[in-house]
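Input: a single structure, listed below in structure tokens.
Everything quoted here is computed from the prediction, not taken from an experiment. Along the sequence shown, residues carry numbers from 1.
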Amino acid sequence: MQLETLTTVVQETTFRNEENGYTVLRVGTGRSQQTVVGLMPELSPGENVTFEGTWGEHPVYGKQFNARTCTITPPEGKAAIEKYLGSGLIRGIGPATAKLIVKHFGDRTLEIMDEHPERLTEIQGIGSKKAAMIIESYVQQMGMRRILVFLQNFGLSPNLAMKIAKYYGENAVELIRQNPYRMVMDIEGVGFLTADRIALSMGIDPQSEFRLRAALFYLMSEAAGNGGHTYLPREMLVQRACQMLRAEAEVVNRQISEALLQKMLVGVTLPDCEDAVCLPLYYHAESEIAIRLHQLMTSRPYKAVRGVDKRIADYEKALGVSFSAQQKKAISSAVSEGVLVITGGPGTGKTTIIRCILELLKEDNDILLCAPTGRAAKRMSEACGEEARTIHRLLEYGGDEDAFARSEEYPLEADCIIVDEMSMVDVRLMRSLLRAILPGTRLILVGDSDQLPSVGAGNVLSDILDSDVVPSVRLTDIFRQDESSMIVLNAHRINNGELPVLRKRDTDFFFERKVMQTDAANTICELLCSRLPKYLGFPKGSWQSEATRSIQVLTPTKKGDCGAFVLNRLLQNTLNPESPSKDAIVHGDTEFRVGDKVIQTKNDYQLEYTRKTPFGTEEGSGVFNGDVGYIVRMDPAEHLLTVCFDDERFVTYQKQQLDSLELAYCLTVHKSQGSEFPVVVLPVVGGPPMLMARNLLYTALTRARRLVVLVGREEVIAQMVGNNHVAKRYTMLRERLIQSLI
């Protein structure tokens, strides 16, 4: 079929899939407009574009041009330039700012921005800081056009293409032509299949060393990112590589051996795995954790605490509590050992123990409290009555992954450091924390090893406990204040493989039977809209806002009628319905509204925030996967929205940054780790066996402080309790700790 060309002006984008770049455009001028569809970079109104492709007839939408390629030229004329600049593609410029710029510079606007960008400060309202932001974004957009057009037929999203252009700079196209597989190792977000599609279309040999080596790196990285593994058995790596590449085992084994010789991979012999293969990052991280924990254990605390037994007795008398033998052991060990792990389920007194430890140490010790997430740190502060910070803030995070100001050269000044929610800490964060702790500092690690493991690679808490090297106390007795709580009792029953008690009157644990998933979803909306706010005694005029903040819906799955995607839309329309007086921004498949509850889904080390403190406004950067907040204001014209996160950080998102923001009325159980909510509502309606497991149900229940409501079927609950499958994580911290004693 002969290709045709269509030279035209972009009017508007009517649809765009950010995942693969598929776009539907209206182009042309005046009444003479056409529809263009295809994979293409993000285009702005006013741009002149020459498309190459074919005309076709869609059965519903009629005549349209199916574009194969496109060539972009700058817009001409004041109206076109203003439309282009105000499209939201350039950070810091919306329609209002674009109008001011074009009014001032006229037809020479783009020439001025190219050659004399400092002149933007001539315009009222654009200071030097905003001008620098605009020009940086403008230069990036212009610089990436070449690579966007080059990659358009391969389905890469504009955001990913931007990352590629930024990483490789002006030589991006040439470097990718030489070896597309380098992107797999260099750039997070470029998968092997994407690079492979580009490479094979360029005629690169399927048996090339580049291809095989990139596949090995990808499989190891995917194992860490998706499975939490810090190593893979060599046999398993060979099997996965052969399956993905359709290559012979001999060829793959030869490449693994070459990668080991070149130290791109590390080979290890473990007791239960004759040959293990690691990425150097995780091999060195786990080895360093073991060494540093051993140093802390052997150095002993440099400030002794005397008369511990008497002081514990005095504390019991003063507060009217009575510690069990386990709890007393935990307290006395915490003030005498260099490192101690305290683990136990809900209601076993972990928080009470921490309070007592603080009381014994605070007179003569500098104590730091921390947790992996902002929510966990806030909860720790409220429970202990002392300031707790995220581990990132404690280590004075510097803007790039693993970049912390606190390290061996600038250690933390403390006599004791207490870390809560240790089950969430992965090997990279644990290594960074230990690097900043001086020998002689007490380190107390607190967590529930029966909860879901960390999102990141490793199994730090469980490996430390399983090694039997680090002093630890496992709390099993339910602390007496919580004996009447069915949440606590049922959590322990589930953890022990017993069915929860579902129908007991006047309790904090409820079950509502619904067979169909759609009925369960509608019931959950009804619970949040009226029934639970009324039951909990919320003021009637604030039912919706109180429900949004106090009641958290958790779900095992993302998909399905009771998955996170569907429930978030239903709950948003129930608790924060659209209104003509309410600002909103549509991004992809999501409409964000002022008042929405949202969650950050990726670590973004560059996002800037402000926080009001008693000492003034604090500025910093870094918003992390799992941070939850509320949209407090937005500017639809400028494509901006501001989120207030739980630890009072205010973050303003540009259009390009909204990909990492999702609605949070409903969270998956995995994303809820480290958080605690007054009320948890959980659908139990079935799902994949790998997800519908005992530890997931246990984790969901332990997130609730005041009330739990399960909606679904008893048989699903029974299946989850009976499914004690815990996906094995291949980690070697346990072995490293045991070897540190040899």
Side-chain angles (χ1 to χ4, degrees), residues 188 220-221 223-225 227-231 263 265-266 268 276 278-299 338-341 368 370-373 376 389-412 414 417-447 453-467 469-470 603 605 622 624-625 674 729-741:
E188 184 181 358
M220 292 299 299
S221 299
H229 307 299
T230 59
Y231 79 87
K263 298 184 178 180
L265 297 174
V266 178
V268 182
C278 323
L279 288 173
L281 167 68
Y282 297 111
Y283 172 80
H284 294 303
E286 289 187 310
S287 299
E288 189 176 341
I289 289 169
I291 291 169
R292 291 185 180 277
L293 282 174
H294 184 67
Q295 289 174 343
L296 288 172
M297 286 188 293
T298 55
S299 62
V339 181
L340 178 72
V341 181
L368 296 174
C370 62
T373 66
R389 288 173 275 182
T390 64
I391 298 175
H392 280 80
R393 283 191 68 209
L394 184 72
L395 299 180
E396 298 178 25
Y397 166 74
D400 293 310
E401 192 164 6
D402 295 338
F404 298 99
R406 295 287 185 171
S407 62
E408 304 99 318
E409 291 76 26
Y410 181 36
L412 294 165
I417 297 173
I418 304 176
V419 188
D420 198 10
E421 293 290 352
M422 267 299 301
S423 63
M424 298 181 65
V425 178
D426 61 30
V427 292
R428 297 177 72 167
L429 189 57
M430 187 65 177
R431 178 179 63 173
S432 296
L433 176 62
L434 291 175
R435 282 178 173 177
I437 300 176
L438 285 169
T441 304
R442 289 182 181 85
L443 177 61
I444 302 169
L445 308 175
V446 184
S454 60
V455 174
N459 209 1
V460 175
L461 179 60
S462 291
D463 279 354
I464 291 174
L465 289 167
D466 291 345
S467 72
V469 169
V470 180
N603 289 340
Y605 301 94
F624 304 103
N625 185 11
R729 285 196 172 192
Y730 292 104
T731 62
M732 60 177 67
L733 178 57
R734 174 182 175 274
E735 283 71 23
R736 286 282 170 266
L737 284 164
I738 293 170
Q739 290 174 6
S740 71
L741 295 180

Heavy-atom distance under 4.5 Å between the side chains of Gln739 and Ser287, does that happen here?
no
Nearest heavy-atom neighbours spanning Thr441 and Leu296:
O-CD2, 3.9 Å
Quick check: do His229 and Thr731 have side-chain heavy atoms less than 4.5 Å from each other?
no
When rounded to the nearest 0.5 angstrom, what distance separates CD in Glu288 from CG in Leu733?
12.0 Å
Does this structure show an ion pair linking Glu286 with Arg736, if we count only N-O contacts that are shorter than 4.0 Å?
no
Lys/Arg-Asp/Glu bridge criterion (N-O < 4.0 Å) met for Arg435, Glu409
no
Spatial distance of atom CD (Glu421) from atom OG1 (Thr373) [nearest 0.5 Å]
7.0 Å
Residue pair Leu281 / Arg428, side-chain heavy-atom distance below 4.5 Å
yes
I would like to know whether Glu408 and Arg292 meet salt bridge (Lys or Arg N to Asp or Glu O under 4.0 Å); could you show each step before the answer?
CA-CA 11 Å; Glu408 304 99 318; Arg292 291 185 180 277; 2.7 Å; yes
Write down the atom of Ala224, the atom of Ala457, and the distance for their closest heavy-atom approach.
O-CB, 3.8 Å
For Thr230 and Met732, work out which heavy atoms get closest and say how close.
OG1-N, 3.7 Å
Could you report the tightest heavy-atom contact between Ser299 and Gly440, atom names first, then the distance?
OG-N, 3.0 Å
With a 4.5 Å heavy-atom cut-off, do Val268 and Tyr231 have their side chains touching?
no
Only one of Ile418, Leu395, Ile391, Thr390 passes side chain to side chain contact (heavy atoms under 4.5 Å, CB included) with Cys370, and that residue is Ile391
For Ala405 and Tyr410, which heavy atoms make the closest approach, and how far apart are they?
O-CD2, 3.4 Å
With sequence neighbours excluded, tell me which residues meet side-chain contact (heavy atoms from CB on, under 4.5 Å) with Ser454.
Asp426, Arg729
Out of curiosity, Leu434 CG to Leu443 CG, how far, rounded to the nearest 0.5 Å?
6.5 Å
Does Leu445 form a side chain to side chain contact (heavy atoms under 4.5 Å, CB included) with Met430? I'd like the steps, not just the answer.
CA-CA 11 Å; Leu445 308 175; Met430 187 65 177; 4.0 Å; yes
Kindly indicate whether the side chain of Cys278, heavy atoms from C-beta on, has any atom under 4.5 Å from the side chain of Leu265.
no
Kindly indicate whether the side chain of Met422, heavy atoms from C-beta on, has any atom under 4.5 Å from the side chain of Val425.
yes
Within the distance-only criterion (no hydrogens, no angle test), does the side chain of Arg406 pair as donor or acceptor with the backbone N or O of Ala436 below 3.5 angstrom?
no
How would you list, by chain and number, every residue that makes a side-chain contact (heavy atoms from CB on, under 4.5 Å) with Ser467, sequence neighbours excluded?
Val469, Arg734, Leu737, Ile738
Starting from the C-alpha separation in whole Å, work towards a yes-or-no answer on side chain to side chain contact (heavy atoms under 4.5 Å, CB included) for Glu735 and Asp463.
CA-CA 8 Å; Glu735 283 71 23; Asp463 279 354; over 6 Å; no
Taking Thr298 for its side chain and Gln295 for its backbone only, find out whether a donor-acceptor pair lies under 3.5 Å.
yes
Before we go on, tell me: are the rings of Phe404 and His392 under 6.0 Å apart, centre to centre?
yes
Can you name the closest pair of heavy atoms from Leu433 and Ile437 and give their distance?
O-CG1, 3.3 Å
Within-4.5 Å side-chain heavy-atom neighbours: Val419 and Ile444
no
Under a 4.5 Å cut-off applied to non-hydrogen side-chain atoms, are Leu279 and Val266 in contact?
no
